[in-house]
Amino acid sequence: MENRLELDGDAMRESGYRVIDMLVDRIANLDAGPAWQGATRAEMEARLREDSPRSGTPIDELLDRLTVDVLPFAGRIDHPRFLAFIAGNGTWPGVLGDLIAGGFNIFQGTWLASAGPSEIELVVLDWFKSWLGYPNEAAGLLVSGGSVANLTALACAREVRLGGHDARAVVYTSEQTHSSVERAARTVGFAGDRIRSLPVDELHRMDVAALRTAIREDRNTGLRPFCIVANGGATSTGAVDPLAAMADIAKEENLWFHVDAAYGGFAVLTERGRGLLNGINRADSITLDPHKWLYQPFEVGCLLVRQGTHLSDTFHIMPDYLQDTATGGGEVNFADRGIQLTRMARALKIWLSLKHFGVDAFREAIDRCLDIALEAQKYIEQSKELELLSPAGLGVVCFRRRVSGDDDSSEKVNAQLVRDLLASGTGMISSTRIRGVYALRVCILNHRTGWQDALTVLRWLEQAPVVTA
């Protein structure tokens, strides 16, 4: 019987070349259009809702359909004036790495199935370890993103420090901690009342006095302090917790110390970043997201654990049907380090990008983002219309348009500015809250963003007409 799921070589080349042309045209013309284009669910249903097809459609027709009805309706998060959220913006070698990983259909759960790609991942992880000052015995793995990295870290910490679930165990975070940490804690069995969200200081860093007090009070009531989670670049403000002081507390109290440095961790490549992240090398585990400030296409996150054997102690399971994959002489089954058996080869894109451009190019890009964020802060401070709410922290600046009246009036006006900026096509920003106050937030992380891009957005926000009730 004919295999109807195969294409001949010429057909594959023709469609593949067209896809490459689509990608190159998009990247080469990123700033030609708006940073975002959306649609309602009803609008998308009208374009795309249909029954499953019984027979096939030529690929050219399908690519035309994607070009018209699907791909335009998404945030262009690598646009130079997309300053919303902690976004990601890749490099072309990274795109090629994903294309190769998919085209070669690499299964990277075991060494038996992927010796070459697994070695590439080990090399990349060692690069990360060296940047962070981690010891040789540290180990890690690449995952889908920071959420899974945090989940894997807490699962490992629970097994190592608690020997399994303990209803008395307590996790300590701050009010600036990313929501994925609480989600991870709940997933591995911690009730909401065992997850402490502690206050921060005037720079939005963990209040270490409050941390000490919370640990002492929990011990006195028969609970079991277990893990401290620090921010290596908070999502709302870019704040970096006092990592060295928190590491001291973790050591004194015999607690696991995890640093969520999903986007901020790669700032260690710069002199300023190393200073801000002082003490990160003392963490028991670290979350990183190469698809953020290491300029990789989605998805790729990373977890590093200071004592690498803790990962395999937690996750290694050898069922009979995998007995042929058992390793011996130093080979690594990455399935033994996390929750996935089926894994794609995520390291190829990182390796290609770093090898092609060199680490210095990434260092310069991060430094440039830090400079632009400081320039944005300075501009806001000098503006009569804008008010700084949080200083530049690892590329993030929070502020608002000055409005007469109370905070409710300010929130309405500033929220409208976010929507109006988006509708104007000029750019895109996001919002957050700073001590309960609605704040505009620019995230300057894109290697394509220049000062003129940031300035264009700031001037629009400064000059746009506002209507107060």
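Only heavy atoms go into these numbers, but all of them, side chains included; no hydrogens, no water, no symmetry mates.
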For this session: Please assess Arg346 against Ser144 for the test side-chain contact (heavy atoms from CB on, under 4.5 Å), listing each intermediate value before the final yes or no.
Result: CA-CA 9 Å; Arg346 296 186 174 97; Ser144 60; 3.8 Å; yes

Problem set entry | Worked verdict on Arg433 versus Glu411 for salt bridge (Lys or Arg N to Asp or Glu O under 4.0 Å) | CA-CA 10 Å; Arg433 291 187 183 276; Glu411 177 167 342; 2.7 Å; yes

For this session: Could you give me the CA-CA distance, side-chain angles and deciding distance for Asp371 and Arg368, then say whether salt bridge (Lys or Arg N to Asp or Glu O under 4.0 Å) is met?
Result: CA-CA 5 Å; Asp371 288 340; Arg368 188 162 57 249; over 6 Å; no

For this session: Take Ile286 and Ile280 through the test side-chain contact (heavy atoms from CB on, under 4.5 Å) and record every step on the way to the result.
Result: CA-CA 8 Å; Ile286 303 170; Ile280 194 171; 3.8 Å; yes

Problem set entry | Derivation and outcome, salt bridge (Lys or Arg N to Asp or Glu O under 4.0 Å), residues Lys378 and Glu375 | CA-CA 5 Å; Lys378 185 186 303 182; Glu375 285 296 316; 3.5 Å; yes

Problem set entry | Residues Arg419, Gln416; criterion side chain to side chain donor-acceptor pair (under 3.5 Å); working and verdict | CA-CA 5 Å; Arg419 295 189 290 268; Gln416 188 63 47; 2.7 Å; yes

For this session: Step by step, work out the salt bridge (Lys or Arg N to Asp or Glu O under 4.0 Å) result for Asp31 and Arg448.
Result: CA-CA 10 Å; Asp31 60 354; Arg448 296 182 176 90; over 6 Å; no

For this session: Test Arg282 against Val259 for side-chain contact (heavy atoms from CB on, under 4.5 Å), laying out the working first.
Result: CA-CA 10 Å; Arg282 297 174 60 189; Val259 177; over 6 Å; no

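To the nearest 0.5 Å, atoms CG (Leu354) and CZ (Phe362) are separated by 4.5 Å. Atom-to-atom distance recorded for Ser285:OG and Leu304:CG is 9.0 Å, nearest 0.5 angstrom.
With a 4.5 Å cut-off on side-chain heavy atoms, Thr40 and Glu43 count as touching. A heavy-atom distance below 4.5 Å is found between the side chains of Leu352 and Ile100. Put simply, the side chain of Ile380 reaches to within 4.5 Å of the side chain of Leu458, judged on heavy atoms. Here the side chains of Leu198 and Glu175 are not in contact, with every heavy-atom distance at 4.5 Å or above.
Note on residues 263-291: pairs passing ring pair (Phe, Tyr, Trp, His ring centres under 6.0 Å), not counting sequence neighbours, are Phe128-Phe266, Tyr263-Trp293, His291-Phe298. Screening residues 323-346 for ring pair (Phe, Tyr, Trp, His ring centres under 6.0 Å), with sequence neighbours left out, gives no hits. Pairs engaging residues 178-230 under the ring pair (Phe, Tyr, Trp, His ring centres under 6.0 Å) rule: Phe190-Phe226 [sequence neighbours left out].
For Trp111, the ring-ring contact (aromatic ring centres under 6.0 Å, His included) criterion is met by no residue, not counting sequence neighbours. A search for side chain to side chain contact (heavy atoms under 4.5 Å, CB included) contacts involving Ala361 returns Phe357, not counting sequence neighbours. Qualifying side chain to side chain contact (heavy atoms under 4.5 Å, CB included) partners for Arg306, counting only residues two or more places apart in sequence or in other chains: Tyr134, Pro135.
Between Glu271 and Arg274 no salt bridge is recorded (no basic side-chain N to carboxylate O distance below 4.0 Å). Electrostatic pairing of Glu299 and Lys349 does not count as a salt bridge here, judged by no charged N lying under 4.0 Å from a carboxylate O. Electrostatic pairing of Asp166 and Arg194 does not count as a salt bridge here, judged by no charged N lying under 4.0 Å from a carboxylate O. Salt bridge Glu253/Arg216: absent, no basic N to carboxylate O contact under 4.0 Å. A salt bridge is absent between Asp248 and Lys251; no separation between the charged side-chain nitrogens and carboxylate oxygens falls under 4.0 Å.
Of the possible polar contacts, one joining the Asp453 side chain to the Gly450 backbone as a donor-acceptor pair under 3.5 Å is found. A distance-only check finds a donor-acceptor pair linking the side chain of Ser430 to the backbone of Phe85 [under 3.5 Å]. Distance alone, capped at 3.5 Å, is enough to place a donor-acceptor pair between the Asp241 side chain and the Asn231 backbone. Remark: the backbone N or O of Gly94 is not paired with any side-chain donor or acceptor of His356 at under 3.5 angstrom. The backbone N or O of Ala234 lies less than 3.5 Å from no partner atom in the side chain of Thr237, so there is not a single donor-acceptor pair. Using modelled atom types, one side-chain atom of Ser114 and one backbone atom of Thr110 make a donor-acceptor pair closer than 3.5 Å. Of the possible donor and acceptor atoms, one in the side chain of Arg76 sits under 3.5 Å from a partner among the backbone N and O of Pro34. With hydrogens and angles disregarded, a donor-acceptor distance shorter than 3.5 Å links the side chain of Glu121 to the backbone of Leu142. With Arg441 contributing its side chain and Ser236 its backbone, the two residues share a donor-acceptor pair below 3.5 Å. Checked by atom type and distance alone, the side chain of Arg81 never pairs as donor or acceptor with a backbone atom of Ala454 at under 3.5 Å.
In this structure, Asp193 places its CG atom where more than 12 heavy-atom neighbours from other residues, nucleotides or ligands lie under 6.0 Å away.
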